[in-house]
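Just so you know, ligand 1 is whichever comes first in the structure, and atom 1 is the first atom listed for that ligand. In this text, all values refer to a predicted model and were calculated from it rather than measured experimentally. The figures here come from the full heavy-atom set of this structure, side chains too, leaving out hydrogens, waters and symmetry mates.
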Amino acid sequence: MEIKEAELVVSAPSKAHWPESELLEIVLAGRSNVGKSSLINTLCGRKALAYVGNTPGKTRLLNFFDIDHRFMLVDVPGYGFANASKQMLIQFGEMMEDYFSSRSQLKGLVLLVDLRHAPTEDDIGMAEYARYYEIPFAVVATKMDKVPRSQQSRQIKLIAEALTCSQEAVIPFSAMTKQGREELLEAIEALLNNKEPESERFGLFSYFKALGIH
Ligand code: GDP
């Protein structure tokens, strides 16, 4: 898959503003500062489609990006920033709940974690959340260029274990070098096609497999 045109359709503060479109959707989530905006820009070949360095917690919006009129990428606010008020956490939870539970176009989640660190409780919670709603997900480990090659596989193992998915499910990625871009596009394509675990790339499938459910 290649991406030719990408356009922000709407930044939706609430359900009433979600676009009326039949395009399938892939949602991108990760903790604040994980590199989500940079990843969206790299993926779409644009410099500033998504705003890099956004003040954490300022944006309580779902951003819907139309990709080649083929599907939508949905960018949810970064979670897990310091000083999040209780009210903000509730708002975020409600917004995600609304979206995950009722958006029939939603085909998959791309969960972003930082390759340098173990997933946080919030990351693990997001993976569990996706499993609960039976939304297949791919994991992207960002900022690959900041981790020496010799340490990358150890970090990938750590991430896979924490999120209960196979190591093959974790796609190392760098917005700086564009490494991992092709693999991520492939994973998105597979999510859109609702493909079963041929690559065992998707957390949901490997999770069920681990439980012995096929
Ligand atoms: P967001 O809050 O998740 O949208 O994260 P941003 O895309 O705004 O990135 C947060 C910071 O990490 C910025 O300073 C980016 O320049 C930096 N960053 C993002 N991706 C990468 C990457 O792949 N490599 C490096 N070295 N820095 C990155």
message: Can you name the atoms of ligand 1, numbered from 1 with element, that are less than 4.0 Å from a heavy atom of Asn33?
response: 1 (P), 2 (O), 3 (O), 5 (O), 10 (C), 11 (C)
message: Would Lys146 count as being in polar contact with ligand 1, using the rule that some N or O on each side must be under 3.5 angstrom apart?
response: no
message: What I want to find out is whether Arg70 reaches Glu189 closely enough, with some N-O distance under 4.0 Å, to be called a salt bridge.
response: yes
- line: A student checking ligand 1 against Ser37 at a 4.0 Å heavy-atom cut-off should list atoms 1 (P), 4 (O), 7 (O)
- prompt: Is a salt bridge present between Asp123 and Arg31, judged by a nitrogen-to-oxygen distance below 4.0 Å?
  reply: no
- prompt: Less than 3.5 Å between some nitrogen or oxygen of Ser38 and one of ligand 1, yes or no?
  reply: yes
message: Between Asn41 and Ser38, is the side chain to side chain donor-acceptor pair (under 3.5 Å) condition met? List the steps.
response: CA-CA 5 Å; Asn41 291 334; Ser38 304; 5.8 Å; no
query: Looking at ligand 1, does any of its N/O atoms fall within less than 3.5 Å of an N/O of Met144?
result: no
task: Could you tell me if any non-hydrogen atom of Ser174 lies under 4.0 Å from any atom of ligand 1?
output: yes
- request: For the residue pair Trp18 and Phe64, categorise the inter-ring angle as parallel (less than 30°), tilted (30 to 60°) or perpendicular (more than 60°).
  value: tilted
task: Using only heavy-atom distances, determine whether the side chains of Thr142 and Asp114 contain a donor-acceptor pair under 3.5 Å.
output: no
message: When you compare ligand 1 with Gly35, is there at least one nitrogen or oxygen pair between them that comes in under 3.5 angstrom?
response: yes
task: Give me the ring orientation class for Phe100 and Tyr129: parallel if the planes are under 30° apart, tilted from 30 to 60°, perpendicular past 60°.
output: tilted
message: Any heavy atom of Asp145 closer to ligand 1 than 4.0 angstrom?
response: yes
message: At less than 4.0 angstrom from any non-hydrogen atom of Met176, what atoms of ligand 1 do you find?
response: 23 (O), 25 (C), 26 (N)
query: Under the side chain to side chain donor-acceptor pair (under 3.5 Å) criterion, do Thr177 and Gln179 qualify, and how do the steps go?
result: CA-CA 5 Å; Thr177 65; Gln179 271 174 295; 3.1 Å; yes
query: Evaluating non-hydrogen atoms only, which member of Arg116, Lys143, Lys36 is closest to atom 18 (N) of ligand 1?
result: Lys143
message: Taking 4.0 angstrom as the limit and counting only heavy atoms of Ala175, give me the atoms of ligand 1 inside it, by number and element.
response: 20 (N), 22 (C), 23 (O)
message: Could you tell me if Glu97 and Tyr133 have a donor-acceptor pair between their side chains, going purely by distance under 3.5 Å?
response: yes
